[in-house]
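Counting begins at 1 with the first residue of the sequence.
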Amino acid sequence: MSSVAVQKAPSAAGATDAERGSRPPLRRRIALVPTITLLLGALYCLLPVAWVVIASTKSGSELFSTFTFLPGTGFTQNLSDLNAYRDGIYWQWMANSALYAVLGALLSTCVSAFSGYALATYRFRGRETMFNVLMAGVLMPPIILAIPQYLLMAQADLTDSYWSVLLPQILSPYGVYLARIYAAAAVPSDVVEAGRMDGASEWRIFTRIALPMMIPGMVTVFLFQFVAVWNNFLLPYIMLSDDERFPITLGLFTLLEQGANTPALYTLVITGAFLAVIPLVALFLVIQRFWSLDLLSGAVKS
């Protein structure tokens, strides 16, 4: 009787091992959940982009009569029509967006670097209060600040000008926050004190010692601010009335409004939206390469 029980036990154990071998471990199955979630999130984000890319290849007749994700044959004609629309005003809108985004992001990055370094390095009365006020600006929706900004620009007689869009973008509370956090982590206080003991001025310490250490963080601030300014719609919509100063977002919006009466303009809006995404993708790829090079150079220096 006992021998029968002994013989059955190994067979049961063997069956259990076989079942375990046929199924993935529980830990591996749980690890797949974040991957699947990220894939679904990527699909959710990339699906509209894929639609814009494919729809930009369709002519006006193909846009509403063919399958959504079936490429068309009208991309060249769409580009020609977009280039000819109002003597190429679309490219004026692209140039305006490039001006607002590049200059605004550069100025904002400089202000964030100065402010973040000062808040991280110096000790002065009211430092934390000032930082908390800036952090409150992160929680402020842009729509709340747009009207007061317009009134300020109107008092300075700067509305409907390039400065009315550039000046409000210079101070980025989130950029200052990132700069302070990165400066506190990347710039050792001992290095700053050593520079002071050697007789270097505060400006020289910042430009020659601290700023090179802060470059990766400042690149991140520049990228965030560039994307925010490039995609900004509300501020130009309130500030500007001359369409020759419109950024690409506001220009495409005016085209879309006219498309309600002229359906042929829908293809121009979609093609213009596709072209407007290309600079953002190119910038991200260039900056991603810069991040990789910076990490490699840091590893070599260390």
Closest non-hydrogen atom pair between M94 and P279, with its separation: CE-CG, 4.1 Å
Closest contact, heavy atoms only, F206 versus A113: CE1-O, 3.9 Å
Pairs where residues 138-153 contributes a residue and the test salt bridge (charged side-chain N to carboxylate O under 4.0 Å, His left out) is met, not counting sequence neighbours: none
Pairwise distance OG(S161) to CG(D242) - rounded to 0.5 angstrom: 11.0 Å
Inter-residue atom distance Q149.CD - L234.CG, 0.5 Å rounding: 9.0 Å
Transitive ILVMFWY side-chain link I147 to L171, under 4.5 Å: yes
Non-hydrogen atoms of P212 and R208 that approach each other most closely: CG-O, 3.6 Å
Donor-acceptor contact present, side-chain Q169 to main-chain Q225, <3.5 Å: no
Minimal non-hydrogen separation, G60 against F64, with atom names: O-CD1, 4.0 Å
Residues that T109 engages under side chain to side chain contact (heavy atoms under 4.5 Å, CB included), provided they are two or more places apart: M218, V221, F222
Check against side chain to side chain contact (heavy atoms under 4.5 Å, CB included), L275 and I248: CA-CA 10 Å; L275 295 177; I248 190 64; over 6 Å; no
Side chain to side chain contact (heavy atoms under 4.5 Å, CB included) evaluation trace for V192 with I209: CA-CA 8 Å; V192 176; I209 299 176; 5.6 Å; no
For the student: nearest non-hydrogen atoms of A183 and G116, plus distance: CB-O, 4.1 Å
Spacing of OG belonging to S164 relative to CG belonging to L158, to within rounding of 0.5 Å: 7.5 Å
Student check: side-chain heavy atoms of M153 and Y150 closer than 4.5 Å: no
By side chain to side chain contact (heavy atoms under 4.5 Å, CB included) - contacts of Y162 (at least two apart): Q92, N96, L99, Y100, R245
Interatomic distance, L119 atom CG to F131 atom CZ [nearest 0.5 angstrom]: 7.0 Å
Partner residues of R125 under the side-chain hydrogen bond (donor to acceptor under 3.5 Å, both in side chains) criterion, sequence neighbours left out: none
L38 reachable from V49 in the ILVMFWY side-chain graph, under 4.5 Å edges: no
Shared hydrophobic cluster, F67 / L63 (ILVMFWY, side-chain heavy atoms < 4.5 Å): yes
V176 side chain reached by F114 side chain, heavy atoms, under 4.5 Å: no
CG/D157: more than 12 non-hydrogen atoms of other groups inside 6.0 Å: no
T271 backbone acceptor or donor facing S56 side chain under 3.5 Å: no
Salt bridge (charged side-chain N to carboxylate O under 4.0 Å, His left out): pairs with one or both residues in residues 179-196, sequence neighbours excluded: E128-R180, E193-R196, R196-E202
I205 vs Y117 side-chain heavy atoms within contact, under 4.5 Å: yes
Criterion side chain to side chain contact (heavy atoms under 4.5 Å, CB included) on F284 and V227, from CA distance to verdict: CA-CA 10 Å; F284 180 79; V227 173; over 6 Å; no
Residues which pass side-chain hydrogen bond (donor to acceptor under 3.5 Å, both in side chains) with S61, listed by chain and number, not counting sequence neighbours: S59
R204, CZ atom: more than 12 neighbouring heavy atoms under 6.0 Å: no
Name of the residue among N83, L252, L268 meeting side chain to side chain contact (heavy atoms under 4.5 Å, CB included) with Y90: L252
Pairwise side-chain contact, V191 with M213, heavy-atom cut-off 4.5 Å (strictly under): yes
Worked check of side chain to side chain contact (heavy atoms under 4.5 Å, CB included) between F124 and M130: CA-CA 11 Å; F124 54 89; M130 184 182 303; 4.3 Å; yes
Residues that N231 engages under side-chain hydrogen bond (donor to acceptor under 3.5 Å, both in side chains), provided they are two or more places apart: none
Test side-chain hydrogen bond (donor to acceptor under 3.5 Å, both in side chains) applied to T37 - qualifying residues, sequence neighbours left out: none
Contact check, side chains of L283 and L223, non-hydrogen atoms, under 4.5 Å: yes
Minimum side-chain heavy-atom gap F75-L79 below 4.5 Å: yes
Pair listing, salt bridge (charged side-chain N to carboxylate O under 4.0 Å, His left out) test, anchored in residues 61-89, at least two apart: R86-D243
Any side-chain heavy-atom pair of M135 and Y177 under 4.5 Å: yes
Atom CG of L70: over 12 foreign heavy atoms under 6.0 Å: yes
Pair K58, T66: side-chain N/O donor-acceptor within cut-off below 3.5 Å: yes
Hphob cluster co-occupancy, W51 + F274, side-chain heavy atoms under 4.5 angstrom: yes
Close side-chain approach of V229 and V102, heavy atoms under 4.5 Å: no
Side-chain donor or acceptor of T57 paired with backbone N/O of I54 under 3.5 Å: yes
Option among L265, I89, I270 that satisfies the side chain to side chain contact (heavy atoms under 4.5 Å, CB included) test with L255: L265
Euclidean distance, F224 CZ relative to S172 OG, rounded to 0.5 Å: 10.0 Å
Any donor-acceptor pair under 3.5 Å from D198 side chain to A200 backbone: no
Residues in side chain to side chain contact (heavy atoms under 4.5 Å, CB included) contact with L107, at least two apart in sequence or another chain: L103, I170
Approximate separation, where rounding is to 0.5 Å, of L39 CG and L32 CG: 10.0 Å
Exam field: side chain T121 to backbone A118, donor-acceptor pair closer than 3.5 Å: no
With sequence neighbours excluded, residues passing side chain to side chain contact (heavy atoms under 4.5 Å, CB included) with Y237: F233, L250, F253
Side chain to side chain contact (heavy atoms under 4.5 Å, CB included) partner of P247, the single match among N232, L240, L235: L240
Qualifying residues under ring-ring contact (aromatic ring centres under 6.0 Å, His included), relative to Y174, sequence neighbours excluded: none
